[in-house]
Amino acid sequence: MVQPDVFRGVMAQWPSGVTVVTTLAADGSAHGMTASSFSSVSLEPPLVSICLDRRLYTHQLVSDSLVFGINVLAKDQIEVGRRFAGMVKDCPDRFAGETWSTAETGVKLLDSALGWLDCRVVHAYDGGDHTIFVGEVVAARAARRSAPLLFHSRGWGQFADVLPEVATLADTGLVSVLRDQCGDRSGLAATVGAVGRAGVRARVLDLVAATDVDRELATVPEGVELAATSGLVADRVQAHRVLELGVGVVEIVADPADEHSVNQALATVDGIEDRCAVHLVNPFGPGRTDAVLALVAELRARGVLEICLPDEGGRATPLQVRAVLQETVALARPVALRVRLHDRDRLGLVKALTALKSGVTHFDSTLAGLDQAVATEDLIRLLETLDVTTPADTHALTVLAQQLRGETAPGRVGPASVPDRDGSAPDHTTTEPESGTPENVGAAG
């Protein structure tokens, strides 16, 4: 007969996904363990199987309760897998730090997993030193699209990154640049309107930089669908004034490393969380990751609309972007995580690709790259090349960007003609500016 260590060594070469199996104790308390011995058995009826070592406490609990949950882990959930595999010291509660739901059986189901299955045991078969439990799936959820966590040769890993299917865009720089360079309010309104019709949300107000808030509020372009725009504010009073104008999204800045800044931001969003996007100061800076993660977790708990991570001045390298996003993307869910990338050294699109491969689906950019951010039209071309769908109108935005680039020479700023969504130009002419180990992975279980 083959020796156990030889058998285990061969089985270690078989790559598998990683799950957390959850079940219930007699007193109703939750228990879970990491496992890879999971497979589909039948489609009609929906049946799955898990193989558990008879010596495990989990085996006894499943035998007694006759219920179990399967939580499929994503590539960014290694720590979850390690925790439930008993590889994290001083961890009195494996379930802490995650959000869980229940369905039909009452077992805990991981909200951030790729998906989960809620099962009742219908068969139990002898499998040597394991028991093969066959469960009928009574509830299921496919939660998110990402690469799975893998276990192979006693190591954790992942497939090549899975790109998202859809990405959305917002423009946070165009209006401020054009307002500084061009005094033609009608031309500005036409430009903002065209950007909105092309499927990109534009920031129309910046009360943080304004020296006269009332005057800034009076500059909101007329004839624009304000519900599809945003405004940057400094405090709660400004936030309510912007919302009263009909602007759809309030943007707020918070420094994760500054307690006063964080508290002020949280006070500002209180009661209007679903209308607020919070920009974190220098999120990719060295030594700031813990503070960033803490604030992201707090903002997610508050239920804000968006959390925005700007690459300030383009100082972040693609590796720094990757490292931060691998942790924040999963932590932020279900709140949208938005990234704004600077195009310093022409690395903006490289970092955009890195963000996409990290699971980011929301981006800030600027049409024609007028403020040194990644140009909206360039980002759209990248998305199209990668077969990532975007609601933005590529043709309209490309035409508008070409016009803006052609009209931004000194002494002549502003769109010559602004394309409508169908690509045609409205009746508008240019004016001169006024001023210048999973526990049972590797063996049969």
Side-chain angles (χ1 to χ4, degrees), residues 73-82 97-99 112 144-147 149 156-158 160-164 167-170 172 251-259 261-262 265-266 277-302 304-365 372-374 379 382-383 388:
L73 299 187
K75 64 178 183 179
D76 52 7
Q77 294 182 308
I78 290 178
E79 286 306 309
V80 176
R82 286 173 52 83
E98 306 292 332
T99 57
S112 61
R144 61 184 174 111
R145 185 175 186 264
S146 180
L149 179 61
W156 307 83
Q158 64 185 65
D161 298 287
V162 178
L163 294 174
T168 65
L169 305 176
T172 54
E251 299 178 80
I252 301 150
V253 176
D255 185 345
D258 184 331
E259 184 178 357
S261 175
V262 170
L266 294 178
V278 182
H279 295 256
L280 276 55
V281 174
N282 194 19
F284 301 109
R288 295 174 63 86
T289 301
D290 288 346
V292 168
L293 294 177
L295 183 51
V296 168
E298 179 65 29
L299 293 172
R300 178 201 62 189
R302 296 292 183 105
V304 299
L305 179 67
E306 296 172 354
I307 301 171
C308 307
L309 305 183
D311 173 25
E312 297 173 4
R315 293 186 294 270
T317 68
L319 290 178
Q320 288 173 320
V321 171
R322 173 78 166 182
V324 173
L325 293 181
Q326 280 189 322
E327 296 199 59
T328 53
V329 168
L331 185 60
R333 291 188 180 94
V335 174
L337 189 72
R338 185 176 291 277
V339 174
R340 177 172 175 79
L341 299 168
H342 195 281
D343 205 20
R344 181 180 180 181
D345 298 327
R346 303 299 296 169
L347 289 176
L349 289 181
V350 175
K351 288 182 273 193
L353 178 58
T354 299
L356 283 165
K357 295 174 73 173
S358 300
V360 173
T361 59
H362 304 271
F363 292 86
D364 280 355
S365 57
Q372 309 307 311
V374 170
L379 181 55
L382 174 65
L383 296 174
V388 178

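Treat the numbers as computed from the prediction; the structure is a model and nothing was measured.
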Donor-acceptor under 3.5 Å (Lys351 side chain, Asp311 main chain): no
Between CD on residue Glu298 and CG on residue Leu266, distance to nearest 0.5 Å: 5.5 Å
Polar side-chain atom of Arg315 near backbone of Asn282 as donor-acceptor pair, under 3.5 Å: no
Check: Leu379 and Leu169 side chains under 4.5 Å, non-hydrogen atoms: yes
Side chain Asp255, main chain Val281, donor-acceptor under 3.5 Å: no
Beyond-backbone contact of Val278 with Glu306, side-chain heavy atoms, under 4.5 angstrom: no
Main-chain N/O of Phe363 paired to Arg338 side chain as donor or acceptor, under 3.5 Å: yes
Contact summary for Leu305 and Val335, nearest pair of heavy atoms: O-CG1, 3.8 Å
Nearest-0.5 Å distance, CG of residue Leu383 to CG of residue Leu353: 10.0 Å
Stepwise side chain to side chain contact (heavy atoms under 4.5 Å, CB included) check, Arg288 with Leu280: CA-CA 11 Å; Arg288 295 174 63 86; Leu280 276 55; over 6 Å; no
Separation of Ser112 OG from Gln77 CD (nearest 0.5 Å): 4.0 Å
Side chain to side chain contact (heavy atoms under 4.5 Å, CB included) between His279 and Val253, worked out: CA-CA 5 Å; His279 295 256; Val253 176; 4.3 Å; yes
Spacing of Ile78 atom CD1 and Leu73 atom CG [to the nearest 0.5 Å]: 10.0 Å
The single option from Val321, Asp364, Leu325 passing side-chain contact (heavy atoms from CB on, under 4.5 Å) against Val339: Leu325
Stepwise side chain to side chain contact (heavy atoms under 4.5 Å, CB included) test for Thr168 and Thr361: CA-CA 6 Å; Thr168 65; Thr361 59; over 6 Å; no
Backbone N/O of Leu331 and side chain of Arg300: donor-acceptor pair under 3.5 Å: yes
Full working for side-chain hydrogen bond (donor to acceptor under 3.5 Å, both in side chains) between Glu327 and Thr289: CA-CA 9 Å; Glu327 296 199 59; Thr289 301; 5.9 Å; no
Pair Thr328-Leu337, side chain to side chain contact (heavy atoms under 4.5 Å, CB included): steps then yes or no: CA-CA 8 Å; Thr328 53; Leu337 189 72; 3.7 Å; yes
Gap separating the NZ atom of Lys357 from the OG1 atom of Thr354, nearest 0.5 angstrom: 7.0 Å
